[in-house]
Amino acid sequence: MTDTPPVTLEDVRSAAARIEGVAHRTPVLRSRTLDALVGAEVFLKCENLQRIGAFKFRGAYNAASRLTPERLAKGIAAYSSGNHAQAVALAARELGTTAVILMPEDTPKSKMDATAGYGAEIVTYDRYTGDRVAIGEALAADRGLALIPPYEHPHVIAGQGTAALELIEEVGELDALVVPVGGGGLIAGSATAAKGLTPAIRVIGVEPEEGDDTKRSLEAGRRVSIPVPRTIADGQAADIPGELTFSINRRLVDEIALVTDDQIREAMRLAFERMKIVIEPSGATPLAALLAGRIAPIPPRVGVIVSGGNISARRFAELCGG
């Protein structure tokens with residue numbers, strides 16, 4: 001056992017330097033209407049406007065770019081419900097290599113098409129009966145590929161933390177940072193950056209009510225497994241936190257808020273109608289928590305990581321009543 005953290009603020013800063021000029025420095029949006037509804041100054045870090053439409057490109061590129069030329073030349077493998085798949089596929093293309101991605105059979109078609117569009121080979125599995133980690137590791141081993149997991153990797157976590165780093169560099173100190181939680185990589189990196197810069201900041205994760213594995217795990221003090229969640233927030237359909245991410249989050253995350261699918265829909269509608277941005281369900285959960293009063297007391301200055309916007313027009317209309 002060691003007290004040395006697996007990911008540090010310096011790791012996040014190193015990742016920021018590595019992805020500079022490759023990943024977008026995404027905008028921070030404000031809305032007076034949103035501030036009035038929430039009762040605070042709210043700053044939205046819009047990773048829905050990142051390359052591939054989600055924060056995942058940050059971590060994927062940081063990890064892939066650190067492979068040796070020999071490892072990189074053999075190709076990369078990943079497993080993902082969508083956004084990490086696209087991120088690894090694009091990172092592979094940017095670095096001049098190939099990617100093989102394991103994806104659930106029920107992945108939204110828009111995400112599967114986008115992954116293939118970046119040149120990746122797609123292999124599918126049943127998420128409700130198959131173990132994606134075991135299948136992904138076997139696939140990578142059989143083909144001699146470097147496996148880049150969606151969150152269980154220090155370089156991936158450090159890369160994801162660059163979103164929070166940029167946000168705080170741009171807007172200054174925040175009282176709280178609200179972040180979606182799936183496997184835990186984004187909030188682990190975000191908390192590392194935020195608490196490294198502002199130790200007193202309150203880091204709040206948000207999960208769908210049906211996918212509260214991280215909340216249960218933090219309350220139990222150990223990783224807790226739940227049935228595979230059935231929620232519109234498909235990017236947060238994790239059944240157990242990652243081992244590495246949980247080791248970070250149990251130290252740095254202050255609380256977890258839960259939201260319903262209906263509250264997620266309302267947040268997506270508001271972002272579209274009042275701020276003119278499209279957010280996928282997983283990316284809308286932090287905003288949903290603020291709007292639904294699931295975070296109390298409301299801190300004066302709140303940063304929100306809007307994690308992604310990968311949703312088709314048809315699916316958006318189905319969910320939001322269009």
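Closest heavy-atom contact between A85 and T115: CB-OG1, 3.7 Å. Considering all non-hydrogen atoms of both residues, Q236 and V206 come closest at NE2-O, 2.9 Å. Here the closest non-hydrogen pair linking A284 and A267 is O-CB, 3.7 Å. Looking at every heavy atom in both residues, P229 comes nearest to G211 through CG-CA, 3.6 Å. Closest approach of A271 and I279 over heavy atoms only: CB-CD1, 3.5 Å. Looking at every heavy atom in both residues, T97 comes nearest to L72 through OG1-O, 2.5 Å.
A single hydrophobic cluster is not seen to contain both I305 and L290; linkage of ILVMFWY side chains at heavy-atom distances under 4.5 Å, directly or through other members, places them apart. No continuous path of hydrophobic side-chain contacts links L244 to I148 [ILVMFWY only; heavy atoms under 4.5 Å].
Donor-acceptor pairing under 3.5 Å is lacking for the side chains of Q160 and N62. Side-chain N/O atoms of T33 and R274 include a donor and acceptor closer than 3.5 Å. Side-chain N/O atoms of S14 and R66 include a donor and acceptor closer than 3.5 Å.
Its side chain within the 4.5 Å cluster rule, I135 clusters with Y79, V100, L102, V123, Y125, V133, L139, L145, L147 among the Ile, Leu, Val, Met, Phe, Trp and Tyr residues.
Not counting sequence neighbours, R222 has no partner by the side-chain hydrogen bond (donor to acceptor under 3.5 Å, both in side chains) test. When the ring-ring contact (aromatic ring centres under 6.0 Å, His included) test is applied to Y151, no partner is found at least two apart in sequence or on another chain. Annotation: salt bridge (Lys or Arg N to Asp or Glu O under 4.0 Å) contacts of E94 (sequence neighbours excluded): R51.
Atom OG1 of residue T162 and atom CD1 of residue I157 lie 13.0 Å apart, to the nearest 0.5 angstrom. Here the CD1 atom belonging to I264 is positioned 4.5 Å from the CD1 atom belonging to I232, to the nearest 0.5 angstrom. Rounding to the nearest 0.5 angstrom, the gap separating the NZ atom in K74 from the CG atom in L67 is 11.5 Å. With values rounded to the nearest 0.5 angstrom, Q50 atom CD is found 11.0 Å from N83 atom CG. Of the inter-residue distances, the one linking L218 atom CG with D212 atom CG reads 11.0 Å to the nearest 0.5 angstrom. Here the CD1-CE distance, from I101 to M112, works out to 11.5 Å after rounding to the nearest 0.5 Å.
Between D254 and K195 there is a salt bridge, since a side-chain N of the basic residue sits under 4.0 Å from a carboxylate O of the acidic one. Taking a cutoff of 4.0 Å between a charged side-chain nitrogen and a carboxylate oxygen, D213 and R216 do not qualify as a salt bridge. A salt bridge does not link D175 with R202: none of the charged nitrogens is closer than 4.0 Å to a carboxylate oxygen. Checked for salt-bridge contact, E318 and R314 miss the test: no charged N lies under 4.0 Å from a carboxylate O. In this structure, E169 pairs ionically with R25, as a charged nitrogen and a carboxylate oxygen lie closer than 4.0 Å.
T260 places a side-chain N or O within donor-acceptor distance of the main-chain N or O of Q263, the cut-off being under 3.5 Å. The main-chain N or O of V278 is found under 3.5 Å from a side-chain atom of N48 such that the two form a donor-acceptor pair.
No side-chain heavy atom of P241 sits under 4.5 Å from any side-chain heavy atom of N249. You'll find the side chain of V304 stays beyond 4.5 Å of the side chain of F43, heavy atoms only. Contact of the I187 side chain with the I204 side chain is not registered, since no non-hydrogen atoms from C-beta on lie closer than 4.5 Å. Counting heavy atoms from C-beta on, the side chains of L95 and Y61 come closer than 4.5 Å.
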CA sep, side-chain torsions, deciding dist, call: L177, S190, side-chain contact (heavy atoms from CB on, under 4.5 Å): CA-CA 8 Å; L177 182 67; S190 297; 3.9 Å; yes

Residues L270, L34; criterion side-chain contact (heavy atoms from CB on, under 4.5 Å); working and verdict: CA-CA 9 Å; L270 182 133; L34 177 59; 4.3 Å; yes

Candidate pair L174 and V171, rule side-chain contact (heavy atoms from CB on, under 4.5 Å), full reasoning: CA-CA 8 Å; L174 296 166; V171 307; 3.9 Å; yes

Stepwise side-chain contact (heavy atoms from CB on, under 4.5 Å) test for T245 and E152: CA-CA 6 Å; T245 56; E152 283 288 89; 3.7 Å; yes

Chi angles and distances behind the side-chain hydrogen bond (donor to acceptor under 3.5 Å, both in side chains) call for T26, E47: CA-CA 6 Å; T26 51; E47 289 297 290; 2.5 Å; yes

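Every pair passing salt bridge (Lys or Arg N to Asp or Glu O under 4.0 Å) that includes a residue from residues 153-167 is listed here, sequence neighbours excluded: K45-E166, R58-E166. Sorted by first and then second residue, the side-chain hydrogen bond (donor to acceptor under 3.5 Å, both in side chains) pairs with a member in residues 292-304 read E209-R294; sequence neighbours excluded.
Counting non-hydrogen atoms of other residues, nucleotides and ligands closer than 6.0 Å to CD of E41 gives a total above 12.
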